[in-house]
Amino acid sequence: MTKTSTQRKLGSEILLEGILHHGENTLFGYPGGSVIPLYETLRKYPEIRHILVRHEQGAAFAANGYARVNRKAGICLATSGPGATNLLTGVADAYMDSIPMIVITGQVFSSLLGTDAFQEVDTLGIFLPIVKHSYAVTSAKELAQVISEAFHLANTGRPGPVHIDITKDALLEEVDFSGYPEVNIPGYNPTLSAHIKQLEKVTKVIQEATRPVAIIGQGAHISHAEKEVQEFIEKTGIPCVETLLGLSTIPHNHPQNLGMLGMHGTVPANYAVHNADLIISLGSRFDDRITGKLSEFTRIAKFIHFDIDPAEIEKNVKEILVPVVGDLKLSLKNTLPLLKKTEFSQWKKQIDTWKERYSMEKVREINKTKAGDKMRACQVIKILHEETEGNAIVVPDVGQNQMWTAQEYKSNIPNSLLFSGGLGAMGCSLPTAIGAKIAQPEREVWSISGDGGFQMNMQEMMTIIQEGLDINIAVLNNNYLGMVRQWQELFEGGYSYVDMQNPDFIKLAEAYGIPSFQVRTEEEARSIIQQCRSIKGPTFIEFVIGKEENVFPMVPQAKSLGDTQITE
């Protein structure tokens, strides 16, 4: 127990001081009736920065982006009822991508619980499936313990969001307070150190392989294991691929890095995994977007699976030869001294053939006619990469813009590409970029959206203005819900409700007070990107792109990685 002399404190004071006690000072929130007492107390704590978003979903995504960059819990706050339910999408996104968050919701007076009171919903029940744990607090006496446990749960083991629902009377209640307790949660004891016998098996199986591939996932970023992953790759000589969330773990130009794996991954990455006799997962959960048809994915390979969460072992791939449960960074540190380098010369020769035959440059050239006479989106992202030299934090939305960014923006700094991976939530980009910029204000930040996703949370441009944030906003406008249109074109034979009639984005951004530019050619794109990078404050660029440009390579749904298509 961390003790101080006993004092009388309001529940709202215990909550806010608990946030500071656990090393945080930033809240993303939106006030409402049930949390008015908390906002009244907040005025007494100028050291806490409150970001007033324009929609509660923006608060959840901003806290999400803050946490992704800082790699520790972001905090969002909303009132009861619709305020709480509006947080759900951003919280679900954090849960699926293992992002630590503290989600605070107000609740009606405890005497009204269960009466269908104004703005009462079963918040605990609603959040329970998409958080690591959910607390219902009806007395200020519970808050010190709950806050300590919430931060511990969110940041340890496999990270994730933790929800605290607090009744209005608990915030108003004054109680004796003597500090925040040490945390001891029976039954919660994440395994950090993998068993040495399993690590010895890893080295033995690698030595027996002839066509090994390592899959690098989000766990590499979560555990801060980028250095150890690279050492593992280099010491073994094993080629590697990265999942969408694993991108930027290994330098993009590393000779052993074959690029992104999966539905829109590179052909060499997909073919290598499809033909491997040993697949080593380093913090990846074998999501369907990287496996393709699972029976084909598992047809010839043996599997080694490093993961901190034992629930992921044999969840999708059912026969894991060597499971390694533990923190990835620590597991690899203990594995490295046991490893020997192997040449795998025939395997690398085959991979080099695929790299030459199916380079992304050749894939782009094959598919360039689809954009017609309009600017190509893939080239816009390529130009952005060149101008920023791969050093910006880039936050794409979901859809074609996300895949073009994943393919073309080669980040030089680990953990600088922030994707909504498991949930694939449109509207995430702008508020997530806000959180990222607040977490690392010295970094250059770009939000990239399609015209559809941008309109889901475009109101957060006012949050950017109010907070004085230097965020560059790029909208790739093809007047379509582009990824849905691509699927309809390729697999349905016609379009259905994907044609977007859009507002004048330039006038819209200018109405928010943001310098705005429309770009129609690659030459203009480079010039305007350069200009926006020199402007102090936010900027907005609308890139008018070809309406029917598609994202390739592509693995059709229910097909194998070996069925990767490079054109229609």
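Residues take their numbers from the sequence shown, with the count starting at 1. Because the structure is predicted, anything quoted here is derived from the model rather than measured.
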Exercise. Between E47 and N25, is any side-chain donor less than 3.5 angstrom from a side-chain acceptor?
Worked result: no

Problem set entry | Side-chain heavy-atom pair V183, I185 within 4.5 angstrom cut-off | yes

Problem set entry | Parallel, tilted or perpendicular: ring planes of F286 versus H305, cut at 30 and 60 degrees | perpendicular

Problem set entry | Where V395 and S429 come nearest, the two heavy atoms and their spacing | O-OG, 2.6 Å

Exercise. Is the H133-Y188 ring centre distance short of 6.0 angstrom?
Worked result: no

For this session: Side-chain contact test, heavy atoms from C-beta onward, threshold under 4.5 Å: evaluate it for T79 versus T105 and give yes or no.
Result: no

Problem set entry | Aromatic ring proximity, centroids under 6.0 angstrom, H50 and Y39 | yes

Problem set entry | Value rounded to 0.5 Å, distance of NZ in K437 from OG in S447 | 13.0 Å

For this session: Heavy atoms only: give me the nearest D397-Q402 pair and the separation to one decimal.
Result: O-CB, 3.1 Å

Exercise. Are L15 and I104 side-chain neighbours, meaning at least one heavy-atom pair lies under 4.5 Å?
Worked result: yes

Problem set entry | Approximate separation, where rounding is to 0.5 Å, of H22 NE2 and Y180 OH | 8.0 Å

Exercise. With a 6.0 Å cut-off on ring centres, are F454 and F505 close enough?
Worked result: yes

Problem set entry | E444 and N391: CA distance, side-chain angles, deciding distance, side-chain hydrogen bond (donor to acceptor under 3.5 Å, both in side chains) verdict | CA-CA 8 Å; E444 180 180 356; N391 294 326; over 6 Å; no

Problem set entry | Test item: N64 side-chain N/O and A60 main-chain N/O as donor-acceptor pair under 3.5 Å | no

For this session: Keeping the roles fixed (side chain from N457, backbone from G58), state whether a donor-acceptor pair exists under 3.5 Å.
Result: no

Problem set entry | Distance (rounded to the nearest 0.5 Å) between K9 NZ and L16 CG | 10.5 Å

For this session: For the residue pair E142 and Y135, confirm or rule out a side-chain donor-acceptor distance under 3.5 Å.
Result: no

For this session: Compare all side-chain heavy atoms of Q218 with those of S284 and state whether any distance is below 4.5 angstrom.
Result: no

